[in-house]
Colleague: 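Quick one: this structure, given as structure tokens, is what I'll be asking you about.
All values derive from a computational prediction rather than experimental measurement.
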Amino acid sequence: MAELTFNEQERIARQLESVEGRFEELSIRITLPEVISDSALFTSLMRQHAELEPLNAIAAAHRRLREELDAARELLEDPDMREMAREEVDALSAQLAEKTQEARIALLPRDPDDNKNAVLEVRAGAGGDEAGLFAAELLRMYMHYADAHGWKAELIEDGSTELGGVKESVLLIQGRNVFQKLKYESGVHRVQRVPVTESSGRIHTSTATVAVLPEADDVEVEINMNDLRIDTYRASGAGGQHVNRTDSAVRITHIPTGLVVTSQDQRSQIQNREQAMRVLKSRLYDMQRQKQQSEYADKRKGQIGTGDRSERIRTYNFPQGRVTDHRIGLTLYKIDSIINGELDEIIDALTLAEQTAMLKDQD
């Protein structure tokens with residue numbers, strides 16, 4: 001990473017000072033009786049406080065290093081302390097440079113949806129039954145990943161097939177910064193292997209698509225109930241076997257856009273209706289979001305991709321034991337651990353690629 005100029009270092013230092021000031025202000029406000037008594041305001045300020053806390057820790061560490069470096073430089077004037085002070089100045093300068101680069105990345109504009117829950121949709125693509133089996137493996141992969149991060153993964157729509165595959169399934173994943181981690185997973189995932197259903201032992205290529213949407217807040221999406229057609233039907237399991245005797249499953253059609261959402265995994269019609277509405281709001285919010293960010297997506301296309309649903313992003317080659325992310329040219333020979341939910345190495349690399357592209361835009 002390029003060395004920062006003096007002016008850039010000072011600019012970052014001023015930004016960090018503002019962060020510490022804002023964090024201190026929030027720390028005081030959330031203790032005020034008039035704020036505590038206003039639940040909406042208190043919740044909003046607490047969320048801002050929590051989001052700012054990691055950056056404030058960087059700012060505080062950066063300030064302490066600057067103060068220690070200033071003190072060490074003063075000792076250079078003392079002939080008896082000069083040699084020791086010079087060593088300390090060199091060490092502190094290196095630490096400060098590293099902390100400044102860390103701060104530079106932390107200060108990059110954040111996606112406002114990063115801290116949201118995510119609606120994750122997995123659909124079988126090309127490849128028949130094998131595509132459905134691969135889609136089911138991807139679904140389990142994300143459930144394992146969510147579990148490893150302490151998130152809650154709830155199956156909203158279960159599109160299981162008789163063979164144990166998935167035609168289309170939807171997860172609601174709740175936790176801290178879920179969308180920030182999972183947003184890079186949107187796109188076409190390709191698998192290359194000998195299918196269980198293939199007797200001749202030939203390697204087949206199949207696909208599944210993943211869509212990751214930020215869960216919409218009620219205030220962000222307004223839905224006119226007159227624009228909805230709500231149907232109920234009997235919930236069923238894989239292969240059409242009925243799991244209850246009541247019309248508890250819900251299908252909601254948003255007439256203006258043609259979006260259709262179903263939910264049948266909950267016990268009651270009311271619960272399924274609530275879940276379906278959450279997914280519908282998230283899909284409508286995602287449509288708005290994609291429209292607003294189209295210019296940004298075009299700009300990023302040469303970096304890590306647009307996140308477009310039709311873009312092939314990753315290949316899972318089982319005979320070679322490798323997983324390749326095509327957006328950044330990353331290949332890892334650890335397919336078993338990845339398919340079991342160990343995605344952090346890939347997601348961290350994608351995050352770094354995005355940050356690097358944003359830093360280049362600043363230069």
Colleague: Would you indicate whether the side-chain heavy atoms of Val170 and Leu120 approach each other to under 4.5 Å?
Modeller: no
Colleague: Among all residues two or more places apart in sequence or in another chain, which pass the side-chain hydrogen bond (donor to acceptor under 3.5 Å, both in side chains) test with Ser263?
Modeller: Asn272
Colleague: Could you pull out all residues at least two apart from Pro79 that satisfy side-chain contact (heavy atoms from CB on, under 4.5 Å)?
Modeller: Arg82
Colleague: Go through the structure and list residues passing side-chain hydrogen bond (donor to acceptor under 3.5 Å, both in side chains) with Thr205, not counting sequence neighbours.
Modeller: none
Colleague: Yes or no on side chain to side chain contact (heavy atoms under 4.5 Å, CB included) for Leu228 and Leu280, after CA distance, side-chain angles and deciding distance?
Modeller: CA-CA 10 Å; Leu228 302 181; Leu280 177 61; 3.7 Å; yes
Colleague: Test: side chain to side chain donor-acceptor pair (under 3.5 Å). Region: residues 16-38. Which pairs qualify, not counting sequence neighbours?
Modeller: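 Every pair satisfying side chain to side chain donor-acceptor pair (under 3.5 Å) with a residue in residues 16-38: Glu20-Arg63, Arg22-Glu25, Arg22-Gln48, Ser27-His49.
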Colleague: Tell me, do Thr207 and His189 make a side-chain contact under 4.5 Å, heavy atoms counted?
Modeller: no
Colleague: Between Gly164 and Ala136, what is the shortest heavy-atom contact and its length?
Modeller: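 Of all heavy-atom pairs spanning Gly164 and Ala136, the closest is O-CB, 3.6 Å.
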Colleague: Would you indicate whether the side-chain heavy atoms of Glu130 and Val191 approach each other to under 4.5 Å?
Modeller: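 Yes - at least one pair of side-chain heavy atoms lies under 4.5 Å apart.
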Colleague: Excluding sequence neighbours, so at least two apart, what forms salt bridge (Lys or Arg N to Asp or Glu O under 4.0 Å) with Glu137?
Modeller: Arg193
Colleague: Which other residues belong to the hydrophobic cluster containing Leu76, where Ile, Leu, Val, Met, Phe, Trp and Tyr are joined when side-chain heavy atoms lie under 4.5 Å apart, directly or via other members?
Modeller: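 Same cluster as Leu76: Leu65, Leu69, Val89, Leu92, Leu96.
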Colleague: Do the side chains of Met141 and Leu138 get nearer than 4.5 Å, heavy atoms only?
Modeller: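 They are in side-chain contact.
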Colleague: Kindly indicate whether the side chain of Ile36, heavy atoms from C-beta on, has any atom under 4.5 Å from the side chain of Leu32.
Modeller: no
Colleague: Below 4.5 Å, heavy atoms only, C-beta onward: do Thr253 and Leu259 meet side chain to side chain?
Modeller: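 No - every pair of side-chain heavy atoms lies 4.5 Å or more apart.
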Colleague: In sequence, state the C-alpha distance, the side-chain angles, and the governing distance for Arg110 and Asn177, and then conclude on side chain to side chain contact (heavy atoms under 4.5 Å, CB included).
Modeller: CA-CA 11 Å; Arg110 278 174 58 94; Asn177 295 331; 3.8 Å; yes
Colleague: Output yes when Lys281 and Glu215 qualify as a salt bridge under the 4.0 Å nitrogen-oxygen rule, no when they do not.
Modeller: no
Colleague: Let's go through Ile223 and Met277 carefully: what are the C-alpha distance in whole Å and the side-chain angles of both, what is the deciding distance for side chain to side chain contact (heavy atoms under 4.5 Å, CB included) to 0.1 Å, and is it a yes or a no?
Modeller: CA-CA 10 Å; Ile223 296 179; Met277 284 297 292; 4.0 Å; yes
Colleague: Scan residues 331-344 for pairs that pass salt bridge (charged side-chain N to carboxylate O under 4.0 Å, His left out), counting only residues two or more places apart or in two chains.
Modeller: Lys334-Glu345
Colleague: List for me each residue that meets side-chain hydrogen bond (donor to acceptor under 3.5 Å, both in side chains) alongside Thr324, sequence neighbours excluded, and say none if there are none.
Modeller: Arg322, Thr331
Colleague: What verdict does the side-chain hydrogen bond (donor to acceptor under 3.5 Å, both in side chains) test give for Asn115 and Gln180, after you've listed the backbone C-alpha separation in whole Å, the side-chain angles of each residue and the deciding distance to 0.1 Å?
Modeller: CA-CA 6 Å; Asn115 65 333; Gln180 179 186 30; over 6 Å; no
Colleague: Which heavy atom of Gly159 sits nearest a heavy atom of Ser169, and at what distance?
Modeller: N-OG, 2.9 Å
Colleague: Would you check if there is a donor-acceptor pair between the side chains of Ser160 and Asp158 at a distance under 3.5 Å?
Modeller: yes
Colleague: Indicate the atoms forming the closest heavy-atom contact of Asn117 with Val178, along with that distance.
Modeller: CA-CB, 4.2 Å
Colleague: Quick check on the hydrophobic clustering: are Ile58 and Leu108 connected, directly or via other members, by side-chain heavy-atom contacts under 4.5 Å?
Modeller: no
Colleague: Would you call Glu10 and Arg66 a salt bridge, taking side-chain N to carboxylate O under 4.0 Å as the test?
Modeller: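 Between Arg66 and Glu10 there is a salt bridge, with a charged N closer than 4.0 Å to a carboxylate O.
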Colleague: Can a cation-pi geometry be assigned to Arg251 and Tyr233, taking NZ or CZ under 6.0 Å from the six-membered ring centre and within 45° of the ring axis?
Modeller: yes
Colleague: So how far is it from Ile156 CD1 to Gln264 CD, rounded to the nearest 0.5 Å?
Modeller: 12.5 Å
Colleague: As an exercise, state the distance from CG of Leu213 to NZ of Lys116, rounded to the nearest 0.5 Å.
Modeller: 11.5 Å
Colleague: Examine Met225 and Val279 and state if one hydrophobic cluster contains both, with Ile, Leu, Val, Met, Phe, Trp and Tyr joined whenever side-chain heavy atoms are less than 4.5 Å apart.
Modeller: yes
Colleague: So how far is it from Thr232 OG1 to Ile252 CD1, rounded to the nearest 0.5 Å?
Modeller: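 If I round to the nearest 0.5 Å, the distance is 11.0 Å.
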Colleague: Kindly write out the residues that satisfy side-chain hydrogen bond (donor to acceptor under 3.5 Å, both in side chains) with Gln192, not counting sequence neighbours, or none if the list is empty.
Modeller: Asn317
Colleague: Provide the full list of ring pair (Phe, Tyr, Trp, His ring centres under 6.0 Å) pairs with a residue in residues 318-354, sequence neighbours left out, each pair given once.
Modeller: none
Colleague: Using salt bridge (Lys or Arg N to Asp or Glu O under 4.0 Å) as the criterion, list what pairs up with Arg314, not counting sequence neighbours.
Modeller: Glu185, Asp325
Colleague: For the pair Lys99 and Glu102, find out whether any cationic side-chain nitrogen is under 4.0 Å from an anionic carboxylate oxygen.
Modeller: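 Salt bridge: yes.
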Colleague: Rounded to the nearest 0.5 Å, what separates atom OH in Tyr145 from atom CD1 in Ile338?
Modeller: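 Rounded to the nearest 0.5 Å, the OH-CD1 separation comes to 12.0 Å.
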Colleague: If you measure from OG1 on Thr356 to CD1 on Ile328, what distance do you get to the nearest 0.5 Å?
Modeller: 10.0 Å
Colleague: Same cluster for Val250 and Ile270 if Ile/Leu/Val/Met/Phe/Trp/Tyr side chains link at under 4.5 Å?
Modeller: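 The answer is no; the residues belong to distinct hydrophobic clusters.
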Colleague: Could you note down all residue pairs passing salt bridge (charged side-chain N to carboxylate O under 4.0 Å, His left out) where residues 140-156 supplies at least one of them, sequence neighbours left out?
Modeller: none
Colleague: For a quick test of reading the model, state the closest non-hydrogen atom pair linking Tyr316 to Val323 and the distance between them.
Modeller: CD2-CG2, 3.8 Å
Colleague: Are Val260 and Leu284 grouped together when hydrophobic residues (ILVMFWY) are joined by side-chain heavy atoms under 4.5 angstrom apart?
Modeller: no
Colleague: Decide yes or no on side-chain hydrogen bond (donor to acceptor under 3.5 Å, both in side chains) for Glu157 and Thr262, but give the supporting numbers first.
Modeller: CA-CA 7 Å; Glu157 185 177 335; Thr262 63; 3.2 Å; yes
Colleague: Walk me through it: do Leu16 and Leu107 pass the test side chain to side chain contact (heavy atoms under 4.5 Å, CB included)?
Modeller: CA-CA 8 Å; Leu16 294 176; Leu107 286 165; 4.0 Å; yes
Colleague: Kindly give the heavy-atom pair with the smallest separation between Leu330 and Ile346, and that separation in Å.
Modeller: CD2-CA, 4.1 Å
Colleague: Considering the options Lys181, Arg327, Gln355, which one meets the side chain to side chain contact (heavy atoms under 4.5 Å, CB included) requirement together with Leu350?
Modeller: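 Among the candidates, only Arg327 passes.
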Colleague: Tell me the closest heavy-atom pair linking Val212 and Ala118, and the distance in Å.
Modeller: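 Answer, listing the atom of Val212 first, then Ala118: CG1-CB, 3.9 Å.
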Colleague: Should Val119 and Glu121 count as side-chain neighbours, where that means a heavy-atom distance under 4.5 Å?
Modeller: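 When only atoms from C-beta onward are counted, Glu121 and Val119 do touch, with a gap below 4.5 Å.
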Colleague: Supply the atom-to-atom distance Glu53 CD to Leu26 CG, rounded to the nearest 0.5 angstrom.
Modeller: 11.0 Å
Colleague: Can you see whether Gln15 engages Arg11 through a side-chain donor-acceptor pair at a distance of less than 3.5 angstrom?
Modeller: yes
Colleague: Quick one: do Asp114 and Lys183 satisfy salt bridge (Lys or Arg N to Asp or Glu O under 4.0 Å)? Show the steps, please.
Modeller: CA-CA 8 Å; Asp114 275 354; Lys183 63 185 177 182; 2.8 Å; yes
